[in-house]
S.K.: 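Got a structure here, written out as structure tokens. Questions coming.
Treat the numbers as computed from the prediction; the structure is a model and nothing was measured.
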Amino acid sequence: TLQTYVYPVFGDKSVATIDVVMVKKVLAPIWLTKNETAERVRGRVEKILAWATVHGYRTGDNPARWAGYLSEIFPKRAAVRKIQHHPALPYAELPQFMRLLKQAPGIGGWLMRFLILTATRTTEARAAEWSEIDLQEQVWSIPALRMKAARPHRVPLSEPAMEILRHMKAINDAYPTPSKYVFNGQTWGKHPSEAIMLALLKRIERTDIVPHGFRSTFRDFVAEKTDFPREVAEAALAHALQDKTEAAYQRGDYLEKRRELMTLWANFCMSG
């Protein structure tokens with residue numbers, strides 16, 4: 001397993017230079033798909049680096065350690081079986097992808113950009129209602145009945161997300177019978193289906209990814225390009241905390257911190 005997964009990444013580098021970024025590079029491609037193998041690889045790397053530390057070949061913490069290190073990056077093994085892997089766009093490609101969406105005709109491009117900017121699930125974005133959105137406060141309040149975890153969720157809206165809403169509002173206000181939905185499908189007054197976004201991905205020849213995968217793109221960006229704590233990122237994705245004790249003490253939803261995060265995310269998205 002070292003030969004197959006580790007050596008191609010570590011190469012002939014000194015054990016003193018091995019850090020958590022390199023360990024993550026080894027494990028990330030196989031943690032969800034070959035979890036048992038990935039855990040064995042992690043354990044072996046941890047053991048080798050521990051030996052190297054004891055014998056004076058390196059100093060500092062062990063980057064292959066689970067508790068406090070890799071546990072902050074990867075889901076627990078018990079949770080991996082429950083995870084459905086959605087093909088996602090690498091975040092480095094996102095600014096160029098957003099520019100492509102901006103040029104796409106039809107409602108699909110507007111909807112997908114809003115989905116990406118808000119890091120919400122497809123069902124939440126497609127069925128967004130004007131009654132849920134406070135344009136003044138720039139907050140989208142999704143009721144519990146429309147959330148996967150059956151808990152209400154507030155989304156701070158960045159300026160690029162607000163631009164999309166203003167455009168949709170102008171279209172809606174121009175109709176004799178305004179729709180309750182922000183985005184309308186082929187039939188006015190009914191929200192679009194996910195097929196609209198899937199058709200768009202097919203047109204631009206990106207059937208290798210799915211709309212839901214942009215949540216993973218967002219999570220990778222937060223983990224690798226920002227210093228925001230894990231709990232803020234998880235709150236942005238409306239994930240329930242797995243740690244029951246931690247969840248019991250969390251009273252707020254980090255709205256203002258998430259506003260900063262979503263502004264940073266939007267600026268990155270629109271930097272292409």
Side-chain angles (χ1 to χ4, degrees), residues 84-91 93-133 135 138-143 145-149 153-221 236-238 262 265-266 268-270 272:
Q84 182 183 0
H85 184 60
H86 297 276
L89 186 77
Y91 67 81
E93 297 178 29
L94 192 55
Q96 183 181 356
F97 183 80
M98 290 290 276
R99 190 167 67 246
L100 197 62
L101 290 182
K102 205 167 185 178
Q103 297 165 0
I107 199 70
W110 291 95
L111 173 56
M112 200 178 301
R113 279 192 289 144
F114 186 73
L115 174 87
I116 292 168
L117 289 166
T118 55
T120 47
R121 296 177 178 88
T122 55
T123 51
E124 295 154 10
R126 289 189 292 106
E129 298 185 19
W130 288 113
S131 61
E132 301 169 354
I133 292 168
L135 294 171
Q138 298 189 192
V139 174
W140 173 22
S141 300
I142 311 173
L145 59 89
R146 291 215 307 109
M147 293 299 299
K148 183 179 179 181
H153 178 53
R154 293 190 297 172
V155 182
L157 298 164
S158 62
E159 187 52 35
M162 288 296 296
E163 286 177 15
I164 292 171
L165 290 174
R166 291 186 195 109
H167 178 79
M168 291 298 122
K169 188 86 167 61
I171 293 173
N172 197 42
D173 290 348
Y175 265 76
T177 52
S179 171
K180 70 175 185 176
Y181 294 112
V182 174
F183 302 96
N184 287 270
Q186 292 178 333
T187 303
W188 182 258
K190 292 190 176 181
H191 66 71
S193 69
E194 191 168 359
I196 285 181
M197 289 187 284
L198 295 174
L200 172 57
L201 289 172
K202 189 174 182 180
R203 280 201 309 274
I204 61 177
E205 299 181 344
R206 289 309 305 256
T207 53
D208 56 319
I209 57 177
V210 295
H212 191 86
F214 290 110
R215 285 166 58 82
S216 297
T217 304
F218 169 78
R219 191 64 184 86
D220 289 344
F221 169 82
L237 292 167
M262 300 316 284
W265 169 242
F268 172 75
C269 289
M270 308 309 291

S.K.: Going by ring-ring contact (aromatic ring centres under 6.0 Å, His included), name the residues that satisfy it together with Trp265, two or more places apart in sequence or in a different chain.
M.R.: Phe218, Phe221
S.K.: Is the closest side-chain heavy-atom distance between His212 and Leu115 below 4.5 Å?
M.R.: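 The answer is no; the side chains never approach within 4.5 Å.
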S.K.: Contact between Leu165 and Leu135 at the side-chain level, heavy atoms closer than 4.5 Å - yes or no?
M.R.: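 A side-chain contact exists here, since the closest heavy-atom pair is under 4.5 Å.
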S.K.: To the nearest 0.5 angstrom, please state how far the OG1 atom of Thr123 sits from the NZ atom of Lys148.
M.R.: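 Here the rounded value is 9.5 Å.
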S.K.: For Gln186, look at atom CD and say whether over 12 heavy atoms of other residues, nucleotides or ligands are found less than 6.0 Å away.
M.R.: no
S.K.: What I want to find out is whether Glu132 reaches Lys180 closely enough, with some N-O distance under 4.0 Å, to be called a salt bridge.
M.R.: no
S.K.: Provide the closest heavy-atom pair for Pro211 versus Leu198 in the form atom of the first, atom of the second, distance.
M.R.: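 The pair with the smallest heavy-atom distance is CD-CD2, 3.7 Å.
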S.K.: Please step through side-chain contact (heavy atoms from CB on, under 4.5 Å) for the pair Phe97 and Tyr91, ending with a clear verdict.
M.R.: CA-CA 10 Å; Phe97 183 80; Tyr91 67 81; over 6 Å; no
S.K.: So, Arg113 and Glu163, do they make that salt bridge, N to O below 4.0 Å?
M.R.: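 No, Arg113 and Glu163 are not salt-bridged.
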S.K.: So do the side chains of Met168 and Trp110 get within less than 4.5 Å of each other, counting heavy atoms only?
M.R.: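 Yes, their side chains come closer than 4.5 Å.
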S.K.: Please test Leu117 against Met98 for side-chain contact (heavy atoms from CB on, under 4.5 Å), starting from the C-alpha separation and ending with a verdict.
M.R.: CA-CA 10 Å; Leu117 289 166; Met98 290 290 276; 3.9 Å; yes
S.K.: Roughly how far, to the nearest 0.5 Å, is the CE atom of Met162 from the NZ atom of Lys169?
M.R.: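 The NZ atom of Lys169 sits 11.0 Å away from the CE atom of Met162.
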S.K.: Residues two or more places apart in sequence or in another chain: which of them pass ring-ring contact (aromatic ring centres under 6.0 Å, His included) with His191?
M.R.: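 Per chain and number, His191 pairs via ring-ring contact (aromatic ring centres under 6.0 Å, His included) with Tyr181.
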S.K.: Yes or no on side-chain contact (heavy atoms from CB on, under 4.5 Å) for Thr217 and Ile116, after CA distance, side-chain angles and deciding distance?
M.R.: CA-CA 9 Å; Thr217 304; Ile116 292 168; over 6 Å; no
S.K.: Any carboxylate oxygen within less than 4.0 angstrom of a Lys/Arg side-chain nitrogen, looking at Arg146 and Glu129?
M.R.: no
S.K.: Once rounded to the nearest 0.5 Å, what's the spacing between atom NE2 of His153 and atom CD of Glu124?
M.R.: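 Interatomic distance, His153 NE2 to Glu124 CD, rounded to 0.5 Å: 6.5 Å.
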S.K.: Would a distance-only check, ignoring hydrogens and angles, find a side-chain to backbone donor-acceptor pair under 3.5 Å from Arg215 to Leu237?
M.R.: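 Pair found, side chain donor or acceptor close to backbone of Leu237.
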S.K.: Which residues pass the side chain to side chain contact (heavy atoms under 4.5 Å, CB included) test with Pro95, sequence neighbours left out?
M.R.: Phe268, Ser271
S.K.: State, to 0.1 Å, how close Gly108 and Met197 come at their nearest heavy-atom pair, and which atoms those are.
M.R.: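 Nearest heavy atoms, Gly108 then Met197: O-CG, 4.3 Å.
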S.K.: Could you pull out all residues at least two apart from Lys190 that satisfy salt bridge (charged side-chain N to carboxylate O under 4.0 Å, His left out)?
M.R.: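 With neighbours one apart ignored, the set is empty.
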S.K.: How far apart are the C-alpha atoms of Ser179 and Asn184, what are their side-chain angles, what is the distance that settles it, and do they pass the side-chain hydrogen bond (donor to acceptor under 3.5 Å, both in side chains) test?
M.R.: CA-CA 8 Å; Ser179 171; Asn184 287 270; 2.7 Å; yes
S.K.: Any chance you could lay out the side-chain contact (heavy atoms from CB on, under 4.5 Å) test for Thr120 and Phe114, step after step, and finish with the verdict?
M.R.: CA-CA 9 Å; Thr120 47; Phe114 186 73; 5.5 Å; no
S.K.: For Ala88 and Gly213, work out which heavy atoms get closest and say how close.
M.R.: CB-O, 3.1 Å
S.K.: On a heavy-atom basis, which atom in Ala238 and which in Met147 lie closest, and how many Å separate them?
M.R.: CB-CE, 3.6 Å
S.K.: How close do Leu200 and Ala104 get, counting heavy atoms only, and between which atoms?
M.R.: CD1-CB, 3.7 Å
S.K.: Rounded to the nearest 0.5 Å, what's the gap from CZ on Arg99 to SG on Cys269? Could you check?
M.R.: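 That separation rounds to 13.0 Å.
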S.K.: Looking at side-chain heavy atoms only, is the closest gap between Leu157 and Ile133 below 4.5 Å?
M.R.: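 A side-chain contact exists here, since the closest heavy-atom pair is under 4.5 Å.
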S.K.: Please answer whether the main-chain N or O of Thr177 pairs with a side-chain N or O of Trp188 as donor and acceptor at a distance below 3.5 Å.
M.R.: yes
S.K.: Could you list the residues that satisfy side chain to side chain contact (heavy atoms under 4.5 Å, CB included) with Leu100, not counting sequence neighbours?
M.R.: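 Applying side chain to side chain contact (heavy atoms under 4.5 Å, CB included) to Leu100 gives Gln103, Ile204.
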S.K.: With a 6.0 Å cut-off (strictly less than), is the heavy-atom count around CD of Gln96, excluding the residue itself, greater than 12?
M.R.: no
S.K.: List for me each residue that meets side chain to side chain contact (heavy atoms under 4.5 Å, CB included) alongside Pro192, sequence neighbours excluded, and say none if there are none.
M.R.: Leu111, Phe183, Ile196
S.K.: How close do Met112 and Phe214 get, heavy atom to heavy atom, and via which atoms?
M.R.: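 Closest heavy-atom pair between Met112 and Phe214: SD-CE1, 3.9 Å.
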